[in-house]
Amino acid sequence: MDYKKLVTDALFKVLDGQITNEKIYQLLERPKSLDLGDYAFPAFPLAKILHKAPQIIATEIVAEIDQSHFQKIEAVGPYVNFFLDKSFFSADILRQVIEKEADFGNQNLGNGGNVPIDMSSPNIAKPISMGHLRSTVIGNSIAKMLQKVNYNPIKINHLGDWGTQFGKLIEAYKLWGSEEEVKADPINKLLEYYVRFHQEDIDHPELDEEARAWFKKLEDGDEEAIRLWQWFRAESLKSFMKIYDKLGIEFDSFNGEAFYNDKMDEVVEMLEKQHLLKESQGAQIVDLEEYNLNPALIKKTDGATLYITRDLAAAIYRKRTYDFVQSLYVVGNEQTNHFKQLKAVLKQMGKEWADDIHHIPFGLITQGGKKLSTRAGRVILLEEVLDDAVKLAEQQIAAKNPNLANKEEVANQVGVGAVIFHDLKNERMNNFDFDLEEVVRFEGETGPYVQYSHARATSILRKAGNPKFDITDTYQLSDNDSWEVVTKIASFPDVVKRAVQEYEPSVIAKYALHLAKAFNKYYAHTKILVEDEEILSRLALVKSVSIVLNESLRLLGVQAPKEM
RNA sequence: GCGUUUGUAGCUCAGCAGGAUAGAGCAACCGCCUCCUAAGCGGUAGGUCAUCGGUUCGAUUCCGAUCAAACGCACCA
């Protein structure tokens with residue numbers, strides 16, 4: 001039932017002729033405090049029309065309105081406050097959640113349309129850092145949210161497996177590396193070579209020449225170059241998979257940059273055919289002045305292709321392969337211009353679907369206020385952070401719940417959950433300075449807080465013998481603490497919708513915190529397992545909380561242990 | 001210099017499409033486990049919502065300017 005509509009209709013009967021039904025619906029708001037009711041109608045806009053003070057209008061509305069479906073309707077200053085029938089409303093919501101379970105909040109916004117999501121995209125031969133975590137977990141969460149509203153997300157890991165850095169890497173490996181070393185500790189060794197290259201080429205610029213030559217060989221299909229490249233790629237991927245497993249994230253495609261090597265000529269030809277390509281300072285560009293953008297560099301002076309050439313090929317490939325309704329790129333804020341250019345070039349080419357491409361930017365993670373940089377060796381390794389978090393979770397369990405059955409599994413869920421949740425709880429665009437203590441915190445507004453609340457709920461249900469609920473059950477709850485929980489639960493579908501529309505996992509994370517808080521308050525003040533006539537209602541509430549918290553965490557890509 | 005993003009309590013951040021006394025969490029101080037997990041609950045203290053203008057009955061929220069920070073500004077991705 002749409003309760004806002006109920007309120008609107010009641011008001012409309014009184015205000016017919018003064019204001020439209022739609023306008024009333026639009027004007028209705030949720031008061032900040034439940035003391036002020038569940039819906040409020042501000043009378044200000046009517047003051048002008050009726051030439052009366054809004055306070056008086058509010059009082060008059062209350063005098064005339066039909067109160068039959070409400071617990072109470074009262075005028076407070078210039079507002080008309082509506083209090084829903086708590087018992088009736090609670091029963092209605094709880095029945096819905098218990099019936100639909102994890103499907104509660106599902107809606108059809110997408111009609112099953114395909115949505116490729118470009119996400120994670122680490123560079124081969126470099127470790128996954130905290131910076132990649134953002135793209136990975138934001139993309140993953142958006143995929144789950146899209147699925148919930150009936151889109152078909154396709155998670156694409158656009159690996160950085162091509163480019164001049166491989167020339168540098170091969171050169172560095174030939175100079176200082178060995179097969180045994182790499183086999184023992186692939187990523188770290190490869191990174192070491194890479195960092196050393198950048199240190200030494202300051203004094204030995206001839207290294208750059210060599211590196212360029214190696215990359216040229218690679219492009220020309222030189223056997224040794226290809227062999228090394230494939231080896232580096234395979235080793236890197238292996239170690240990436242370890243981390244993705246820990247995070248519980250899977251991909252539908254690993255087509256990275258190299259995959260588009262043979263697909264760029266076609267793009268260049270298309271551009272030529274449409275006379276979009278111009279020469280400028282020896283390079284091939286597409287002029288984007290009419291979009292107020294810098295020209296897009298399609299080919300370098302030496303004829304080599306660039307980032308945007310590859311992304312054009314990828315965009316076109318994805319349209320052909322998936323016929324997407326939207327195409328998302330979860331890539332850092334600093335690349336905003338690149339995506340503006342990408343869309344502009346596609347538009348120039350007459351591809352109207354360029355409008356379906358959305359860059360989902362996010363803020364930077366810094367350390368000590370400085371940008372992380374692989375080259376400078378300033379990296380925070382994601383794997384280490386995850387390991388630290390899990391260790392800390394183990395300590396927590398040892399201290400708080402030493403008899404827990406599957407300690408190791410739970411420690412993983414909680415530790416990793418803390419890291420993921422920390423990354424998702426704030427608005428995407430916010431920058432944040434990395435602080436390990438902050439990331440692995442288990443108290444306050446954290447992932448473990450939500451997990452703990454969920455575990456409490458499931459523990460109660462377990463102690464109650466996991467009761468079965470029936471559609472014919474009637475629930476009666478009317479106290480304020482349970483009411484706060486119920487109203488939060490009821491808003492879940494809207495929360496999901498908003499999160500999807502804004503591509504913003506933090507909306508879900510914030511919601512989960514609020515619901516957990518409301519439940520913990522209820523839990524602290526109300527004894528649930530008491531044999532009286534309301535026990536089934538209380539258990540239904542607990543059950544609903546466990547369902548919605550579990551589902552919220554799932555949408556964030558965070559596990560919800562039943563006990564912790 | 002131009003563009004983008006950000007600026008709310010000591011710190012980290014909420015504040016949904018403008019509305020009723022600006023909210024959390026950390027940190028500080030004080031309470032609550034003979035009772036379903038204290039990873040919890042409650043209380044105290046802490047704010048010229050960067051600054052100045054504009055629109056509006058009403059602006060933390062919308063618009064403009066200024067200041068500050070981060071990022072970007074063709075042959076890296």
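Sequence lines set the chain letters: A, B, ... in the order given, protein chains first and strands last, and positions in each chain run from 1.
- Across the protein-nucleic acid pair, A/Y522 atom OH and B/G42 atom P stand 15 Å apart, rounded to whole Å.
- For A/Y329 and A/F339, the distance between ring centers is under 6.0 angstrom.
- Minimum atom distance to the side chain of A/F442 is reached by B/A39, of the listed B/A39, B/C75, B/C36.
- Side chain of A/M429, nearest nucleotide from B/C73, B/U5, B/C41: B/U5.
- For A/Q396, taking side-chain heavy atoms from C-beta onward, the closest of the listed nucleotides B/U4, B/A39, B/G25 is B/A39.
- Counting non-hydrogen atoms of neighbouring residues, nucleotides and ligands closer than 6.0 angstrom, the NZ atom of A/K510 exceeds 12 such neighbours.
- Across all non-hydrogen atoms, the minimal contact from A/F83 to A/L34 is CE2-O, 3.9 Å.
- Ranking B/G42, B/A20, B/G40 by closeness to the A/Y449 side chain, first place goes to B/G40.
- A sub-4.0 Å separation between OP1 or OP2 of B/A39 and a side-chain N or O of A/K400 is present.
- The environment of A/K4 atom NZ is dense: over 12 non-hydrogen atoms of other residues, nucleotides or ligands sit within 6.0 angstrom.
- In this structure, A/R428 atom CZ and B/U6 atom C1' are separated by 14 Å, rounded to whole Å.
- Contact annotation: A/N520 does not reach the phosphate of B/G42 (side-chain N/O to OP1 or OP2, under 4.0 Å).
- A/Y523 carries A/R456 over the face of its six-membered ring, with the cationic atom under 6.0 Å from the centre and within 45° of the normal.
- When heavy atoms are screened at a 4.0 angstrom cut-off, A/V530 is found touching no nucleic acid atom at all.
- Within the 4.0 Å cut-off from OP1 or OP2 of B/C76, at least one side-chain nitrogen or oxygen of A/K300 is found.
- Residue A/R456 places at least one side-chain N or O closer than 4.0 Å to OP1 or OP2 of B/A38.
- Distance from the side chain of A/E427 is smallest to B/A14 among B/C71, B/A14, B/A17.
- Distances shorter than 4.0 Å separate some side-chain N or O of A/K517 from OP1 or OP2 on B/G25.
- Of the residues in residues 492-506 of chain A, those placing a heavy atom less than 4.0 Å from an atom of RNA chain B are A/R498, in numerical order.
- Syn is the classification of B/C33, since its glycosidic angle stays within 90° of 0.
- For the pair A/Y523 and B/C33, the criterion of a side-chain N or O lying under 4.0 Å from OP1 or OP2 is not met.
- Relative to the side chain of A/L364, the nucleotides B/C71, B/G40, B/A14 differ in distance, and B/C71 lies closest.
- For A/L306, whose side chain is taken as the heavy atoms from C-beta onward, the closest listed nucleotide among B/C36, B/A14, B/C75 is B/C75.
- Annotation: B/G10 and B/G46 have their P atoms spaced 11 Å apart (nearest Å).
- No side-chain donor-acceptor contact under 3.5 Å links A/Y452 and A/N520.
- Separating the CD atom of A/E443 from the P atom of B/C41 is a distance of 10 Å, rounded to the nearest angstrom.
- With B/C13, B/G72, B/A39 as the candidates, the nucleotide lying closest to the side chain of A/M564 is B/A39.
- Other residues, nucleotides and ligands contribute over 12 non-hydrogen atoms within 6.0 Å of the CG atom of A/D302.
- Near RNA chain B, meaning a heavy atom under 4.0 Å from it, residues 401-408 of chain A has no residue at all.
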Original post:
Could you spell out the base pairing of RNA chain B in dot-bracket, with Watson-Crick or G-U pairs whose two distances are under 3.5 Å, [ ] crossing and | to another strand?
Top reply: (((((((..((((.....[...)))).(((((.......))))).....(((((..]....))))))))))))....
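- To the nearest angstrom, C1' of B/C36 lies 11 Å from OH of A/Y452.
- Between B/C13 and A/K510, no contact under 4.0 Å exists linking OP1 or OP2 to a side-chain N or O.
- Taking atom CG on A/L288 and atom P on B/G3, their separation rounds to 18 Å, with Å as the unit.
- Counting to the nearest Å, the P atom of B/C71 and the CG atom of A/N430 are 16 Å from each other.
- Counting only heavy atoms from C-beta on, A/A283 has its side chain closest to B/C75 among B/A39, B/G15, B/C75.
- Residue A/K48 has a polar side-chain atom (N or O) positioned under 4.0 Å from OP1 or OP2 of B/C57.
- In terms of phosphate contacts, A/K32 brings a side-chain nitrogen or oxygen within less than 4.0 Å of OP1 or OP2 of B/A20.
- Mapping A/A393 and A/K527 onto RNA chain B via the closest heavy atom, the residue that lands nearer the 5' end is A/K527.
- The side chain of A/V414 lies closest to B/A39, out of B/A20, B/G42, B/A39.
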